[in-house]
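Any value given below was found using the heavy atoms of this structure, including those in side chains, with hydrogens, waters and symmetry copies removed. One-based numbering, in listed order, for ligands and for the atoms of each. All values derive from a computational prediction rather than experimental measurement.
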Amino acid sequence: MKPLVIGDLVAKIPIIQGGMGVGVSACNLAGAVALEGGIGVISAAQLGYLEDDYDENAERANLRAIGKHIKKAKEIAKGGIVGINIMVATRNYAEYVKAAVEAKVDLIISGAGLPMDLPSLVKGSTTKIAPIVSSIKAANVILKMWDKKEQRVPDAVVIEGPLAGGHLGFKYDELEHIEELNYDNEVIGIMDAVKQYEEKYQKHIPVILAGGVATKEDVKRCFDLGADGVQVASRFVATKECDADIRFKEAYVNAKKEDIVIVKSPVGMPGRAIKNSFMERVMGGERVPTKHCRACVTPCKPATTPYCISDALIHAVKGNLEEALIFCGGKIDQIKEITTVKQVMEELMGE
Ligand SMILES: Cc1cc2nc3c(=O)[nH]c(=O)nc-3n(C[C@H](O)[C@H](O)[C@H](O)COP(=O)(O)O)c2cc1C
């Protein structure tokens, strides 16, 4: 397998570790993956949750934490590539992008919405940009708009399929019948759309496949489909280096297939998570009022939201699992032990 080349960034191992919020992929996990030759990605989602002033002013804490975590991850990575995942649905998205660029992050990956303004926000910097798409339609909209408005193409494109964790760019009924989606056809369609712009700009645009990549066979399948790299998230949760509490990691090791469910998120998109008593309560119609809104994501309406997604995700990363939304990918039943980042990467590469 060839290295993953994104502009002047060269990752010896063509694996991007997917950003996981809140706090699941922070400086320690991202730094460790980058040190091993992959691309480590911090999630910007409420990254300041451990800062002293988080309850007082979450945005200020989050923006400061972005700088701190990028710096620390780069120290751990010793020259390896460190990226950040910033969801388009983040309130004041532009400020988060600017903070990451200021901290000299190598790559920004953005999904959960269409990152239309991302090119202008990174202009003048060396930070590379990659949108996450799940459909040909979304890919075409982004490619066309960036071309028309900014005369540029993405430095890479991440295609996130229906087996991914966290928020998903699919409808609920599509996720009930994943095999009927024939998703490989969508992947090929997105790759064709990307190729048109490669020809126009005479530049290779690497395509990275994400969602349910859990084994070396999955990795091989992605490369056979024409990918330049894979984005893997869930497999990195059950590692010593992952920034989440041990109880979060153990929940992954213990989960069976029937524990993995599709849930409604206040972000307005479906999500995949481990079934627990909290999820059963809120899916059963119970409303957990928001005590302290941090205005985290634009689509959420605090007055009517069934629960506060930031609170639920912070409970998860801290191991407070009975009050938590435990996001996970569709193949975590294959995770059997807590190991190390190095081992996960060697396994995925078939070494
Ligand atoms: C716990 C968890 C949190 C996640 N948080 C984010 C996030 O903050 N932003 C985002 O764009 N994707 C998020 N994702 C999606 C991942 O970055 C990744 O693309 C996807 O999970 C890949 O599928 P896999 O987990 O099967 O490898 C999350 C996934 C998980 C499992």
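Scanning the protein for heavy atoms near atom 22 (C) of ligand 1, the closest one is Gly211 N, 3.6 Å. Counting only heavy atoms of the protein, atom 30 (C) of ligand 1 lies nearest to Met20 CG, 3.6 Å. Closest to atom 21 (O) of ligand 1, if we only count protein heavy atoms, is Gly165 N, 3.0 Å. Remark: minimum distance from atom 25 (O) of ligand 1 to any protein heavy atom is reached at Ser234 OG, 2.6 Å. With respect to atom 31 (C) of ligand 1, the closest heavy atom belonging to the protein is Tyr252 OH, 3.4 Å. The protein heavy-atom contact nearest to atom 5 (N) of ligand 1 is Gly21 N, 3.0 Å. Scanning the protein heavy atoms around atom 19 (O) of ligand 1, the nearest turns out to be Glu160 OE2, 2.5 Å. Among all non-hydrogen protein atoms, the one lying nearest atom 9 (N) of ligand 1 is Asn85 OD1, 3.0 Å.
At least one donor-acceptor pair under 3.5 Å links the side chain of Glu186 to the backbone N or O of Ile136. Using modelled atom types, no side-chain atom of Arg235 and backbone atom of Thr215 make a donor-acceptor pair closer than 3.5 Å. A side-chain donor-acceptor contact under 3.5 Å links Lys331 to the backbone of Gly212. Checked by atom type and distance alone, the side chain of Arg287 pairs as donor or acceptor with a backbone atom of Thr305 at under 3.5 Å.
The shortest N or O to N or O distance between Ala210 and ligand 1 is not under 3.5 Å. Residue Gln231 places at least one N or O, backbone or side chain, under 3.5 Å from an N or O of ligand 1. By the 3.5 Å distance cut-off applied to N or O atoms, Arg235 is not counted among the residues near ligand 1. At least one N/O-N/O distance between Gly212 and ligand 1 falls below 3.5 Å. Polar contact check, Ala233 against ligand 1: a nitrogen or oxygen pair lies under 3.5 Å apart.
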Next on the checklist: Apply salt bridge (Lys or Arg N to Asp or Glu O under 4.0 Å) to residues Lys291 and Asp311 and explain how you reach the verdict.
Outcome noted: CA-CA 9 Å; Lys291 287 196 198 97; Asp311 278 349; over 6 Å; no
Next on the checklist: Walk me through whether Asp333 and Glu258 qualify under side-chain contact (heavy atoms from CB on, under 4.5 Å).
Outcome noted: CA-CA 9 Å; Asp333 54 312; Glu258 57 271 26; over 6 Å; no
Checklist entry - Does the salt bridge (Lys or Arg N to Asp or Glu O under 4.0 Å) test come out yes or no for Asp245 and Arg247, once each step is laid out? => result CA-CA 5 Å; Asp245 185 271; Arg247 288 167 287 186; 2.9 Å; yes
Item to check | Candidate pair Lys98 and Glu95, rule side-chain contact (heavy atoms from CB on, under 4.5 Å), full reasoning | outcome: CA-CA 5 Å; Lys98 283 184 207 156; Glu95 299 308 312; 3.6 Å; yes
Next on the checklist: What verdict does the salt bridge (Lys or Arg N to Asp or Glu O under 4.0 Å) test give for Lys123 and Glu150, after you've listed the backbone C-alpha separation in whole Å, the side-chain angles of each residue and the deciding distance to 0.1 Å?
Outcome noted: CA-CA 10 Å; Lys123 215 174 237 167; Glu150 305 288 343; 3.1 Å; yes
Item to check | Verdict with supporting geometry, Lys342 and Glu346, salt bridge (Lys or Arg N to Asp or Glu O under 4.0 Å) | outcome: CA-CA 6 Å; Lys342 189 176 169 36; Glu346 283 176 356; 3.1 Å; yes
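Near Met87, meaning under 4.0 Å from one of its heavy atoms, ligand 1 places the atoms 9 (N). Close approach of ligand 1 to Val232 is summarised as follows: ligand atoms under 4.0 Å from at least one heavy atom of the residue are 27 (O). Interface of Gly18 with ligand 1, defined as ligand atoms under 4.0 Å from a residue heavy atom, comprises 17 (O). Of all the atoms in ligand 1, the ones that sit under 4.0 Å from a non-hydrogen atom of Leu163 are 26 (O). For ligand 1, the atoms sitting less than 4.0 Å from at least one non-hydrogen atom of Ile132 are 11 (O), numbered in the order shown with element in parentheses.
Asp52 CG: 12 or fewer foreign heavy atoms inside a 6.0 Å radius. Within a 6.0 Å radius of NZ in Lys203, more than 12 heavy atoms belonging to other residues, nucleotides or ligands are found. The environment of Arg91 atom CZ is dense: over 12 non-hydrogen atoms of other residues, nucleotides or ligands sit within 6.0 angstrom. No more than 12 heavy atoms of other residues, nucleotides or ligands sit less than 6.0 Å from atom CD of Glu102.
Using a 4.0 Å cut-off between heavy atoms, His167 makes no contact with ligand 1 at all. Looking at Ser110 against ligand 1, nothing comes within 4.0 Å, counting heavy atoms.
Look at Ser43 and you'll find a heavy atom under 4.0 Å from some atom of ligand 1. Heavy-atom separations between Lys331 and ligand 1 are all 4.0 Å or longer. For the pair Gly19 and ligand 1, a heavy-atom separation below 4.0 Å is found.
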